[in-house]
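Quick notes on the structure that follows.
All figures in this text were calculated on a predicted structure; none of them were measured in a lab.
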Amino acid sequence: MWQYVLKRILIFVPTLVAIAIVTFAISINAPGDPVDLMLNKNVGGEGQSAEKLATEKAYIEMRKKLGLDKPLFYFYITNQTYCDTLYKIPQKQHRETLEKLSFQYGNWDKIANYYHNIKYLENEIYAIPINDSYSEELRKLKELINTLYGLSEEEKIQKLIADLDFTISSKKELKARLYPPFLALKNSIFRAIYDQSPLKRYIPKFIWYGTNNQFHHWFVNFFKGDFGISYQDKRPVSSVLWDSLRWTLILSTLSIILAYIVAIPLGVVSAVKKGKPIERFITTTLFMLYSLPNFWIATMLIVFFCGGDYFDWFPAFGVTSLPENAPFWARFWDTAYHFVLPLFCVTYASFAFISRQMRGGMLNVINQDFIRTARAKGLDEKTVIWKHAFRNSLLPIITLFASVFPAAISGSFVIEVIFSIPGMGKLTLDAIIARNYPVVFTVLMFTSILTLIGTLVADILYATVDPRISFSSKK
């Protein structure tokens, strides 16, 4: 068995790398610019040159702090139109547009010259002091330049350049200052169109960036406990997760223990008493509970037991009402008091599911030959059921454990939201709504890792409870 366990652990490595690559690919293609989310603003705007330079400097510094100023991966398999230093351009929208233009025309040097001329004209526009006689034209020119950064279709680019020409020419002061950089811009895009080399799209190109890339740093830092910075409050993700994880772990662990303690005996009794009134009572009661949605049960419990029109027995929200410096046992009992209703809502649906799995496993076992042999030896029924049948019917329950294990940290966002428990479920929901991707993808990675661990633990438990199972290569 240990040989099998070692093999499974070795398989973890490529499996985990594959999961990490998929997670990273999703994260880099997620909507929105992470730097803009952190700065909570867009580059450019209506300000003057000094303000624009300050904004761009803040953008570049934040991008470097987040590690986004590096290549995405170790290597890149592409075509000859792709520039291997494209990642150095700070703005995500600019990179995407330049990549499209370079692929379209196949001449990166001309496209790079076109981009530099856009920046040149933009800087000249922002350097002009705002004057009442042409403030409206300056505002329009800034909007046109900002639009030009996102255009890759030739027809739209030419139309926008015509608008730039018309706006600049409408004011003598603007034309004297801006026409030279505008002409340079106009000529650069025409040269890119005229000198295009579309055949480069079909010539493959391999780029090697080494280990100084975003994925490598993200993957290595993850296992060092550095999960990045939360976009919402700019705190380390590890700190944000720990604040939520402890409450979810308490709730989930208690829920799993309670579910197994209650459901397993009920499943055994249902199998042994098959067809009798007690079996029908247990089955009916558990399926009634299973059919009731937990958000409805949670709402009803709050209405009836949390100081509404009926009883005031339990708190309706929160995890504790005592300060952090309160004595340990006082906080322990106060937390337990707050967790009574959430724990019931998280757990009750599991009773039916686990007990049915236990019942099915027992029914498969109690009619087998070795059980009849045990009875024929004169063993009492309790020994036959709990010593011989029970152990051999645990396989379905162990299979369930593999899926329950990762859920221990993901939490139940419905219950956590209803009872205002600051756990992982509520944290993940808030992070998704706020596009706080470092938190979302860290939770995703942890869930994947725990799924792998849960599967391994389940396999080990298989062999522990049933010696007939052997994962060795012996035949």
Side-chain angles (χ1 to χ4, degrees), residues 27-28 30-72 83-102 108-131 134-135 137-152 157 160-161 163-164 167-168 174 177-178 180-182 184-186 188-189 212-214 217 228-234 435-438:
S27 69
I28 61 174
D33 188 334
V35 182
D36 281 342
L37 290 174
M38 289 287 286
L39 297 175
N40 197 25
K41 61 173 71 173
N42 294 318
V43 177
E46 299 290 333
Q48 288 295 282
S49 179
E51 180 184 348
K52 177 176 179 296
L53 289 174
T55 307
E56 287 185 346
K57 183 181 178 182
Y59 185 97
I60 293 172
E61 289 177 351
M62 181 57 70
R63 183 170 180 260
K64 186 176 181 180
K65 183 179 180 181
L66 295 176
L68 302 177
D69 60 335
K70 300 177 176 59
L72 288 176
C83 173
D84 57 357
T85 57
L86 187 63
Y87 65 89
K88 293 183 178 180
I89 295 175
Q91 280 75 33
K92 182 179 179 181
Q93 182 197 34
H94 298 187
R95 291 196 301 274
E96 292 173 349
T97 302
L98 293 176
E99 185 177 356
K100 291 177 183 176
L101 287 170
S102 182
W108 169 250
D109 54 336
K110 299 291 189 302
I111 298 302
N113 186 45
Y114 164 66
Y115 179 67
H116 289 310
N117 280 312
I118 298 177
K119 298 288 289 183
Y120 176 35
L121 177 58
E122 182 186 31
N123 290 335
E124 290 296 315
I125 292 172
Y126 275 88
I128 297 176
I130 296 177
N131 188 296
Y134 48 74
S135 61
E137 285 74 13
L138 275 179
R139 185 191 62 78
K140 184 178 180 181
L141 287 172
K142 292 174 183 176
E143 290 179 355
L144 290 172
I145 286 292
N146 196 41
T147 305
L148 189 59
Y149 278 122
L151 292 182
S152 57
I157 292 174
L160 195 141
I161 286 178
D163 290 342
L164 279 173
T167 307
I168 292 173
L174 295 179
R177 178 76 179 267
L178 299 177
F182 167 73
L185 167 65
K186 185 178 179 180
S188 63
I189 187 61
N212 189 25
N213 61 75
Q214 293 183 36
H217 288 283
I229 300 173
S230 168
Y231 293 164
Q232 281 179 289
D233 50 13
K234 298 180 177 57
R435 295 185 177 182
N436 195 359
Y437 295 122

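When all heavy atoms of Tyr231 and Asn436 are compared, the pair lying nearest together is N-OD1, 2.8 Å. Closest approach of Lys70 to Gln214, counting heavy atoms only: O-NE2, 2.8 Å. Of all heavy-atom pairs spanning Thr167 and Leu174, the tightest one is O-CD1, 4.4 Å. What you find for Pro71 and Asn212 is that their closest heavy atoms are CD-O, 3.5 Å. Of all non-hydrogen atoms in Tyr149 and Glu122, the two that sit nearest each other are OH-OE1, 2.6 Å.
Under the 4.0 Å criterion applied to side-chain N and carboxylate O atoms, Glu143 and Arg139 are assigned as salt-bridge partners.
No more than 12 heavy atoms of other residues, nucleotides or ligands shown are found within 6.0 angstrom of NZ on Lys57. Residue Lys92 places its NZ atom among more than 12 non-hydrogen atoms of other residues, nucleotides or ligands, all under 6.0 Å distant.
Under the 3.5 Å distance criterion, the side-chain polar atoms of Asn113 are left unmatched by any main-chain donor or acceptor of Asp109. Within the 3.5 Å criterion, the main-chain N or O of Leu98 finds no donor-acceptor partner in the side chain of Ser102. A donor-acceptor pair is defined here as one N or O able to donate and one able to accept, closer than 3.5 Å; no such pair exists between the side chain of Glu124 and the backbone of Leu178. At least one donor-acceptor pair under 3.5 Å links the side chain of Ser188 to the backbone N or O of Leu185.
Taking 4.5 Å as the limit, every side-chain heavy atom of Leu68 sits out of range of all side-chain heavy atoms of Tyr87. The closest side-chain heavy-atom distance from Leu151 to Thr97 is not below 4.5 Å. By the 4.5 Å heavy-atom criterion applied to side chains, Tyr114 and Leu148 are counted as neighbours. Counting heavy atoms from C-beta outward, Met62 and Lys65 have side chains that approach closer than 4.5 Å. Contact annotation: the side chain of Tyr126 never approaches that of Ile145 to less than 4.5 Å [non-hydrogen atoms, C-beta and beyond]. Side-chain contact between Tyr115 and Ile89 is present, with heavy atoms from C-beta onward closer than 4.5 Å. When side chains are defined from C-beta on, Tyr120 counts as touching Pro181, because their heavy atoms get closer than 4.5 Å. With contacts defined as side-chain heavy-atom distances shorter than 4.5 Å, the pair Arg177/Ile125 does not qualify.
With rounding to the nearest 0.5 angstrom, the NZ atom of Lys142 is 9.0 Å from the CD1 atom of Ile128. The line from CD1 of Ile157 to OG1 of Thr147 is 12.0 Å long, rounded to the nearest 0.5 Å. The CG atom of Asn146 sits 12.5 Å away from atom CG of Leu141, with the distance rounded to the nearest 0.5 Å. Between atom CG of residue Asp163 and atom CD1 of residue Ile168 there is a gap of 11.0 Å, rounded to the nearest 0.5 Å. Remark: Leu101 CG to Ile189 CD1 distance equals 6.0 Å, nearest 0.5 Å. Once rounded to the nearest 0.5 Å, the distance linking CG of Leu66 with NE2 of His217 reads 13.5 Å.
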Item to check | Derivation and outcome, side chain to side chain contact (heavy atoms under 4.5 Å, CB included), residues Asn213 and Leu72 | outcome: CA-CA 6 Å; Asn213 61 75; Leu72 288 176; over 6 Å; no
